[in-house]
Visitor: 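First the structure, then my questions, so here it is.
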Amino acid sequence: MIKAKKSLGQNFLKSEIALRQIVEAGEIKRTDVVLEIGPGKGALTEKLLGSAGLVIAVEKDRELFSFLKEKFAQEIKSGALALLNEDILEFNVSETFPKFFSGYPASQRHHSKNLETLHYKIIANIPYNITGAILKKFLTEKHQPECMVLMVQHEVAKRIVARDKKESILSISVKAYGEPKLIMKVAARYFSPAPKVDSAIIAIKNISRKFFKENNIKEEEFWEIVKTGFAHKRKKLSSNLKNLLKNSHSGENIPAKNLGNKRAEDLTLLDWLALTK
């Protein structure tokens, strides 16, 4: 019997309703390539295989990797599933994806002629201790996924969609690249072992760099301003951005909508855009 490893943040999902909701939120088609992070015992993998054209599952745990290799031997042989024993934070999209496309059904291969036109979705019950790192890695990836459907801590999901109207670096980071939506709350009892907190399914759709391209702003400059603005949460923006303003505006006050008197958490994505411009 395989036991969950606390060090790897493992909590196996056992709710059929939640599994179904994850797959439905991903709007998976037979032409889709799905990247699954941390498949665990394969409960979600089974559902994904029933809908997607190709599932690439990345499992760091060697014991679980061996278990999955045996469980899905037929699907691996047929080319429907590619199983990798890797750390997702070291996963290289550009190098890894093309390896599996030669055996991909010809009718669906239009998605993978080259990496510039590569479409893939990330659908996973991820380890909560690396949620931020996963979001950062794939939202800023050169070859971004078109959407992500993730199981995360309920509090994190609420922060991403900024339910209380208070923004954070996390919520602004997600909204700059995609459209987040909280799908459903999932109680701790639906996991084995049960975590100490409730979870939630979150979908981030239409992931792209459109926000930066259409507004003609550089990603690095935008994030420098956002990070500096959030440096001291309780201080007003005029105080946090003082040094940046000296460098770029010769000591001018913050323009646009009197934003200098606000705190970083009160600014919307469009406010940060106005500041950057």
Side-chain angles (χ1 to χ4, degrees), residues 8-29 32-40 43-45 47-48 51-52 55-58 88-89 91 93 119-141 144-191 194-211 226 230 265 268-269:
L8 294 176
Q10 293 174 349
N11 297 92
F12 305 126
L13 180 62
K14 56 184 184 180
S15 162
E16 279 294 318
I17 296 167
L19 287 165
R20 199 163 59 240
Q21 284 283 346
I22 293 172
V23 176
E24 281 177 17
E27 298 174 337
I28 306 167
K29 303 180 290 294
D32 283 339
V33 176
V34 172
L35 174 61
E36 185 188 6
I37 299 164
L44 179 58
T45 315
K47 307 281 184 208
L48 295 173
S51 307
V55 177
I56 298 174
V58 180
I88 194 64
L89 298 180
F91 183 81
V93 172
H119 295 282
Y120 70 101
K121 297 175 176 180
I122 294 179
I123 299 176
N125 171 24
I126 61 174
Y128 295 164
N129 55 353
I130 54 169
T131 300
I134 287 171
L135 287 169
K136 185 179 180 182
K137 177 179 172 68
F138 287 100
L139 289 174
T140 61
E141 165 69 46
Q144 297 163 299
E146 58 186 272
C147 85
M148 297 171 82
V149 180
L150 306 172
M151 181 75 78
V152 299
Q153 286 184 7
H154 186 229
E155 285 305 312
V156 172
K158 286 197 295 184
R159 244 175 60 226
I160 289 171
V161 298
R163 250 200 188 161
D164 57 0
K165 304 294 181 199
K166 296 291 182 189
E167 299 286 354
S168 59
I169 286 188
L170 181 62
S171 64
I172 294 295
S173 298
V174 173
K175 289 171 183 175
Y177 294 104
E179 299 159 14
K181 184 183 177 185
L182 203 158
I183 305 297
M184 74 175 281
K185 184 179 176 181
V186 182
R189 68 178 181 277
Y190 292 119
F191 293 85
K196 289 175 181 169
V197 294
D198 288 333
S199 302
I201 300 164
I202 192 161
I204 306 166
K205 299 285 179 79
N206 301 317
I207 296 171
S208 72
R209 284 185 165 79
K210 195 168 84 170
F211 171 75
V226 172
F230 273 102
E265 63 183 13
T268 65
L269 180 64

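Each residue takes its place number in the sequence, starting with 1.
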Visitor: If I take atom CD1 from residue Ile160 and atom CG from residue Leu170, how far apart are they, to the nearest 0.5 angstrom?
Guide: 4.5 Å
Visitor: Would the distance check show the side chain of Thr140 and the main-chain N or O of Lys136 forming a donor-acceptor pair, the cut-off being under 3.5 Å?
Guide: yes
Visitor: Which atom pairs, donor and acceptor, lie under 3.5 Å between side-chain atoms of residues 20-28 and protein residues at least two apart or in another chain?
Guide:
none

Visitor: Does Asn206 use its side chain to pair, donor to acceptor, with the backbone of Gly178 at less than 3.5 Å?
Guide: no
Visitor: Just checking Lys181: does its NZ atom have more than 12 heavy atoms from other residues, nucleotides or ligands closer to it than 6.0 angstrom?
Guide: no
Visitor: Assess whether atom NZ of Lys205 is packed by more than 12 heavy atoms of other residues, nucleotides or ligands within 6.0 Å.
Guide: yes
Visitor: So with a 6.0 Å cut-off around NZ of Lys210, is the heavy-atom count from everything else above 12?
Guide: no
Visitor: What do the steps show when you test Leu150 against Thr131 for side chain to side chain contact (heavy atoms under 4.5 Å, CB included), and what is the final call?
Guide: CA-CA 9 Å; Leu150 306 172; Thr131 300; 5.8 Å; no
Visitor: I'd like to check the side-chain contact (heavy atoms from CB on, under 4.5 Å) partners of Glu155; sequence neighbours left out, ordered by chain and number.
Guide: Lys158
Visitor: Between Leu19 and Leu44, is the side chain to side chain contact (heavy atoms under 4.5 Å, CB included) condition met? List the steps.
Guide: CA-CA 6 Å; Leu19 287 165; Leu44 179 58; 3.8 Å; yes
Visitor: State, with a plain yes or no, whether a side-chain heavy atom of Ile122 is found less than 4.5 Å away from one of Leu35.
Guide: yes
Visitor: Measuring from Leu135:CG to Lys137:NZ, what's the distance to the nearest 0.5 Å?
Guide: 12.5 Å
Visitor: Starting at CG of Asp32, measure out to NZ of Lys121 and round the result to the nearest 0.5 Å.
Guide: 4.0 Å
Visitor: Go through the structure and list residues passing side-chain contact (heavy atoms from CB on, under 4.5 Å) with Gln144, not counting sequence neighbours.
Guide: Tyr177, Ile207, Arg209
Visitor: Find out whether Ile123 and Val55 are in side-chain contact, i.e. whether some heavy atom of one side chain is under 4.5 Å from a heavy atom of the other.
Guide: no
Visitor: About how many Å separate OH of Tyr128 and CD1 of Ile134, when rounded to the nearest 0.5 Å?
Guide: 11.0 Å
Visitor: List the atom of Ile183, the atom of Ala203, and the distance in Å for their closest heavy-atom pair.
Guide: CD1-CB, 3.8 Å
Visitor: First locate atom CD of Glu265, then atom OG of Ser171, and finally report the distance between them rounded to the nearest 0.5 Å.
Guide: 10.0 Å
Visitor: What's the shortest heavy-atom distance between Pro39 and Glu36, and which atoms?
Guide: CA-OE2, 3.4 Å
Visitor: Let me see the working for Ile130 and Ile88 under side chain to side chain contact (heavy atoms under 4.5 Å, CB included), right down to the final yes or no.
Guide: CA-CA 10 Å; Ile130 54 169; Ile88 194 64; 4.0 Å; yes
Visitor: For the atom pair NZ (Lys185) and NE2 (His154), what is the distance rounded to the nearest 0.5 Å?
Guide: 5.0 Å
Visitor: Would you call the rings of Phe91 and Phe138 parallel, tilted or perpendicular if under 30° counts as parallel and over 60° as perpendicular?
Guide: tilted
Visitor: Determine the minimum heavy-atom distance between Met151 and Ser199, stating which atoms define it.
Guide: SD-CB, 3.8 Å
Visitor: Taking the side chain as every heavy atom from C-beta outward, state whether Tyr120 and Val93 have any atom pair closer than 4.5 Å.
Guide: yes
